[in-house]
Asks: 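Supplied in structure tokens, the structure appears directly below.
Below, all heavy atoms of this structure are taken into account, side chains as well, without hydrogens, waters or symmetry copies.
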Amino acid sequence: MTKFNKAASETIKIEPRKESKEVLFELAWEVCNQVGGIYTVIRSKVPAMVEKWGDDYCLIGPYIPQTASIEFEPSVDDSPFCKAAEALKKDGFDVHYGHWLVTGRPKIILLDFNKAFERLDSLKFELWEHHQISTINAEPLVNSVIAFSSMIEEYLNLFLDKFGSKLSVTAHFHEWMSAIPLINLTKNNAPIATVFTTHATMLGRYIAGNVDSFYEHLPSYNWRDEARNYGIEAQAGIEHSAAQNCHVLTTVSDVTAKECEVFFERKCDLILPNGLNITRFAATHEFQNLHVKYKNKINQFVMGHFFQSYSWDLDNTLYFFTSGRYEYKNKGYDLTLEALKRLNFKLVKNNVDTNVVMFIITRNPIKSINPEVLQSRAVMEEIRETCDAIEKQLGDELFYASAANEDPTMPDLNTFVDDYWRLRLRRTIQTWKTKTLPHTVTHLLEGPDDITRFFDQSNLKNHAKDRVKFVYHPDFISPTNPLFGLEYDQFVRGCHLGVFPSYYEPWGYTPLECVIRGIPTVTSDLSGFGDFMQQIMKDYENVGVYMVNRKEKNFDEAADQLADLLFKFVTMNRRDRIMQRNRVENFSDIFDWTNLRSYYDTAHDLAKRKRGVKLK
């Protein structure tokens, strides 16, 4: 492994040199590997990065055959990225160079780290010897990360050996899963500018989900003690060391920056808010048409799920949803459910005839889709097919009778339908109807969880008298899903409100995904997104972003506030809701990567200025 001259780091005055070119690497475990929200950050940002860097931009991620076979296209060219990959291949390493098949088609290096497991013990020893990072009893992911990191280091060292004297190299590392090479490159004084972004601290996620008053006690935490307590010494140690050694430390929100000061013992240099690619429609009515189109798709699910037991006016129904990783407290599922229980009471008490269907979309261990849910949906489709056949027969007969009959009065339509179709429709309806309550969960879970326990304790079981109904869907929504047949973004467009009052949320893509699709959303002042909204505008509620004040309110007060916000939304008239959707869609450009990329540009420029200066 190449070692760089440490004496250079002691030089105070740095003579400027002519740089023929600049290149940027972006490294993450989630590059071409959809395992979390950082995948969305990096993938959606690609077009804006390619617009600035062009062929001088390259991503590095792990080679995962399942995703690579879909999203990766191998290629060969004359770029230094490819030449370094080919050279590393000759040294016996499994390196894949090509393009990531996403918008922008960026250059990408995927590293197969399986062979590196042969050196795992020595790599762990080096991690302890050089950085005092313990990997004893670490989870299996840590082993994969160490192996992957060794491959990154091999590639970057070779690249710098070959091109470091000719190119100004900047590397942007995301999260602890890609950060070990940063630590070693800094130790060896490599000629590379480094940026480290933590999207959520490991300790913050663990502690917030397990204790009350996390933010109140934050200044008093000792990161080493807490890492030992939660058994994440390796992950927290890598994070801490990367934050200490990078040229520029960044995170995604001011909320998380406060954690960094405590857990990393260093202030963040910059905040890098997250964005998305915003698709604007030429006419406002176009996205409203999409809302109606996908709401009708959700209507079909609701009919299949509920109408076998009882029915109501779907034209007077609102669809709420929450989604994200299954973290009951951190994601605010506990607060959402409590507020919905109170909302149900308020709606019934005030004789509000609007029904609310609340979808809870979060993946959890399941056995299968509930056969009864599938059966209900299948029988409803049979009713639809029967009705379509009757409609066609009736239409043909009505047309013939109207054209041939001189009597202008409306004929008896019943005479146009065969006995076969009448009997078939009657039998199908009898098969479908039931007196049992609609299921609150669409799948058979491997075991009860906090959400189902709440349903049991609060008796929220989809009773006909309840105004708030629940559909807990513990799986992804996708076009292949037999229950919905929708993309997730289409499902979002079809809903009326997203509800995300998170307790611990460094950024929060879910409310942002609502905003860019013209759907009002609930967030909290403890989420990065909510904090950012408070900074950029005062009248955020007017544009359809509702804020739960979790910094100042306890759980009971926050649940009351959220219930009041939801009640206000339910009792809003249709025209006002449409106007609010227009306002949401109109301000979404703020979050387009073409506007937010400048934060990343600043981080990279700052890292280049700091390169070669010994960090204190």
Asks: For the CH2 atom of Trp507 and the CZ atom of Phe529, what is their distance to the nearest 0.5 Å?
Replies: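 Output value for this atom pair is 7.0 Å.
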
Asks: Would a 4.5 Å heavy-atom cut-off, applied to side chains only, mark Glu513 and Arg517 as touching?
Replies: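 Sidechains of Arg517 and Glu513: in contact.
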
Asks: Restricting to salt bridge (Lys or Arg N to Asp or Glu O under 4.0 Å), what partner residues turn up for Asp475, sequence neighbours left out?
Replies: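 Result, salt bridge (Lys or Arg N to Asp or Glu O under 4.0 Å) vs Asp475: Arg363.
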
Asks: Could you tell me whether Asp55 atom CG has more than 12 heavy atoms of other residues or ligands within 6.0 Å of it?
Replies: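 No - once you tally the heavy atoms of other residues, nucleotides and ligands closer than 6.0 Å, there are 12 at most.
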
Asks: Just so I know, are the side chains of Thr40 and Leu276 near enough to count as touching, which here means a heavy-atom distance under 4.5 Å?
Replies: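 When only atoms from C-beta onward are counted, Leu276 and Thr40 do touch, with a gap below 4.5 Å.
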
Asks: Would Lys21 and Asp56 count as a salt bridge (charged side-chain N to carboxylate O under 4.0 Å, His left out) here? Give the steps.
Replies: CA-CA 8 Å; Lys21 214 173 185 183; Asp56 300 322; 3.2 Å; yes

Asks: With a 3.5 Å cut-off and no angle check, do the side chains of Thr201 and Thr198 form a donor-acceptor pair?
Replies: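 Note: Thr201 and Thr198 side chains miss the donor-acceptor criterion.
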
Asks: When you look at Trp128 and Thr135, which way does the side-chain contact (heavy atoms from CB on, under 4.5 Å) test go after all the steps?
Replies: CA-CA 8 Å; Trp128 171 254; Thr135 56; over 6 Å; no

Asks: Taking side chain to side chain donor-acceptor pair (under 3.5 Å) as the criterion, tell me which of Lys329, Lys331, Glu259 meets it with Tyr504.
Replies: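 Filter result, single survivor: Glu259.
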
Asks: Rounded to the nearest 0.5 Å, what's the gap from OG on Ser478 to CG on Leu486? Could you check?
Replies: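 Between Ser478 OG and Leu486 CG, I get 9.5 Å after rounding to 0.5 Å.
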
Asks: Could Lys45 and Tyr600 be counted as a cation-pi pair, given that NZ or CZ must be under 6.0 Å from the ring centre and within 45° of the axis?
Replies: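 Yes, a cation-pi geometry.
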
Asks: With no hydrogens and no angle check, do the side chains of His131 and Asn184 hold a donor and an acceptor under 3.5 Å apart?
Replies: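 Yes - a donor-acceptor pair under 3.5 Å links their side chains.
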
Asks: Any donor-acceptor pair under 3.5 Å linking the side chain of Ser241 with the backbone of Gly237?
Replies: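 Here the side-chain-to-backbone pair does not exist.
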
Asks: Salt bridge (Lys or Arg N to Asp or Glu O under 4.0 Å) with Glu73: which residues, sequence neighbours excluded?
Replies: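 Scan of Glu73 (salt bridge (Lys or Arg N to Asp or Glu O under 4.0 Å), adjacent residues dropped) gives Arg105.
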
Asks: Give a yes or no answer on whether the side chain of Thr256 reaches the backbone of Val252 with a donor-acceptor pair at less than 3.5 Å.
Replies: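 No; judged by distance alone, with no hydrogens or angles, the pair does not exist.
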
Asks: Identify, with sequence neighbours excluded, every residue that meets side-chain contact (heavy atoms from CB on, under 4.5 Å) alongside Thr170.
Replies: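 For Thr170, the residues satisfying side-chain contact (heavy atoms from CB on, under 4.5 Å) (neighbours in sequence not counted) are Leu24, Ala193, His604, Lys608.
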
Asks: Nearest 0.5 Å please: distance from the OH atom of Tyr503 over to the OG atom of Ser527.
Replies: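 Rounded to the nearest 0.5 Å, the OH-OG separation comes to 13.5 Å.
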
Asks: Do Thr250 and Thr197 have side-chain N/O donor and acceptor atoms under 3.5 Å apart?
Replies: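 Their side chains do contain a donor-acceptor pair, which is all the 3.5 Å distance test asks for.
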
Asks: Evaluate the side-chain hydrogen bond (donor to acceptor under 3.5 Å, both in side chains) criterion for residues Gln235 and Glu139: first the C-alpha distance (whole Å), next the side-chain angles of each, then the deciding distance (0.1 Å), finally the verdict.
Replies: CA-CA 10 Å; Gln235 300 94 314; Glu139 63 174 333; 2.9 Å; yes

Asks: Do Asp77 side-chain atoms and Ser79 backbone N/O form a donor-acceptor pair below 3.5 Å?
Replies: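 Pair found, side chain donor or acceptor close to backbone of Ser79.
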
Asks: Would the His240 and Trp223 ring centres measure less than 6.0 Å apart?
Replies: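 Yes.
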
Asks: Quick check on the 6.0 Å ring-centre criterion: do Phe25 and Phe81 meet it?
Replies: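 They qualify: ring centres under 6.0 Å apart.
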
Asks: Please round to the nearest 0.5 Å and tell me the distance separating atom CE of Met533 and atom OG of Ser524.
Replies: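 The distance works out to 13.0 Å.
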
Asks: With a 4.5 Å limit on heavy-atom distance, are the side chains of Tyr57 and Ile108 in contact?
Replies: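 No, every pair of side-chain atoms sits at 4.5 Å or beyond.
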
Asks: When you look at Asn481 and His473, which way does the side-chain hydrogen bond (donor to acceptor under 3.5 Å, both in side chains) test go after all the steps?
Replies: CA-CA 11 Å; Asn481 185 310; His473 186 72; 3.0 Å; yes

Asks: Do the side chain of His291 and the main chain of Arg493 share a donor and acceptor less than 3.5 angstrom apart?
Replies: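 Indeed, once roles are kept as given, a pair shorter than 3.5 Å links the two residues.
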
Asks: Does Thr186 offer a backbone N or O that forms a donor-acceptor pair with the side chain of Asn245 under 3.5 Å?
Replies: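 Such a contact is absent between Asn245 side chain and Thr186 backbone.
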
Asks: Enter the distance from Asp592:CG to Arg597:CZ here, rounded to the nearest 0.5 Å.
Replies: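 That separation rounds to 11.0 Å.
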
Asks: Determine whether the aromatic ring centres of residues Trp29 and Phe148 are separated by less than 6.0 angstrom.
Replies: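 Yes, the ring centres sit under 6.0 Å apart.
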
Asks: What residues, two or more places apart in sequence or in another chain, satisfy ring-ring contact (aromatic ring centres under 6.0 Å, His included) together with Tyr63?
Replies: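 Partners of Tyr63 under the ring-ring contact (aromatic ring centres under 6.0 Å, His included) test: His96.
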
Asks: Within a 6.0 Å radius of atom NZ on Lys52, are there more than 12 heavy atoms belonging to other residues, nucleotides or ligands?
Replies: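 Counting neighbours around NZ of Lys52, more than 12 heavy atoms of other residues, nucleotides or ligands fall under 6.0 Å, so yes.
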
Asks: List in chain and number order the residues that pass ring-ring contact (aromatic ring centres under 6.0 Å, His included) with Tyr97, two or more places apart in sequence or in another chain; answer none if no residue qualifies.
Replies: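 By the ring-ring contact (aromatic ring centres under 6.0 Å, His included) rule, Tyr97 matches no residue at all.
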
Asks: I'd like to know if Arg43 and Glu30 make a salt bridge, using a cut-off of under 4.0 Å between side-chain N and carboxylate O.
Replies: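 Salt bridge: no.
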
Asks: Is there a side-chain contact between Leu158 and Asp91, using heavy atoms and a 4.5 Å cut-off?
Replies: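 SC-SC contact between Leu158 and Asp91 confirmed.
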
Asks: I'd like to know if the side chain of Gln244 reaches the main chain of Phe264, judged simply by a donor and an acceptor atom lying under 3.5 Å from each other, with no hydrogens or angles considered.
Replies: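 Yes; judged by distance alone, with no hydrogens or angles, the pair exists.
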
Asks: Could you grab the distance from atom CG of Leu120 to atom CZ of Phe125, nearest 0.5 Å is fine?
Replies: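 Interatomic distance, Leu120 CG to Phe125 CZ, rounded to 0.5 Å: 14.0 Å.
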
Asks: Do other residues, nucleotides or ligands put more than 12 heavy atoms under 6.0 Å from Asn137 CG?
Replies: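 Open.
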
Asks: Passes side-chain contact (heavy atoms from CB on, under 4.5 Å), Cys246 versus Phe173? Steps please.
Replies: CA-CA 9 Å; Cys246 64; Phe173 299 83; over 6 Å; no

Asks: Looking at Tyr599, I'd like to know if its OH atom is crowded, meaning that more than 12 non-hydrogen atoms belonging to other residues, nucleotides or ligands lie closer than 6.0 Å.
Replies: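 Incorrect, the count does not exceed 12.
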
Asks: Among all residues two or more places apart in sequence or in another chain, which pass the ring-ring contact (aromatic ring centres under 6.0 Å, His included) test with Phe491?
Replies: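 In terms of ring-ring contact (aromatic ring centres under 6.0 Å, His included), with neighbours along the sequence ignored, Phe491 is linked to Phe321, Phe359, Phe484.
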
Asks: Side-chain donor-acceptor pair under 3.5 Å between Asp269 and His247, yes or no?
Replies: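 Judged by distance alone, the side chains do not pair up.
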
Asks: Tell me if a side-chain donor or acceptor on Gln132 pairs with a main-chain N or O of Glu129 at a distance below 3.5 Å.
Replies: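 Yes, Gln132 side chain to Glu129 backbone: donor-acceptor pair under 3.5 Å.
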
Asks: Output yes when Asp94 and Lys89 qualify as a salt bridge under the 4.0 Å nitrogen-oxygen rule, no when they do not.
Replies: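 No.
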
Asks: Report yes if some heavy atom in the side chain of Leu185 is under 4.5 Å from a heavy atom in the side chain of Asn157; otherwise report no.
Replies: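 SC-SC contact between Leu185 and Asn157 confirmed.
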
Asks: Are the side chains of Leu272 and Thr251 in touch, meaning some heavy atoms are under 4.5 Å apart?
Replies: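 Side-chain contact under 4.5 Å: no.
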
Asks: Evaluate the side-chain proximity of Ser144 to Phe117: yes if any heavy-atom separation is below 4.5 Å, no if none is.
Replies: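 Heavy-atom side-chain distance check passes, below 4.5 Å.
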
Asks: Can you check whether Ile64's main-chain N or O pairs, donor with acceptor, with Thr67's side chain at less than 3.5 Å?
Replies: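 Confirmed, Thr67 side chain pairs with Ile64 backbone.
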
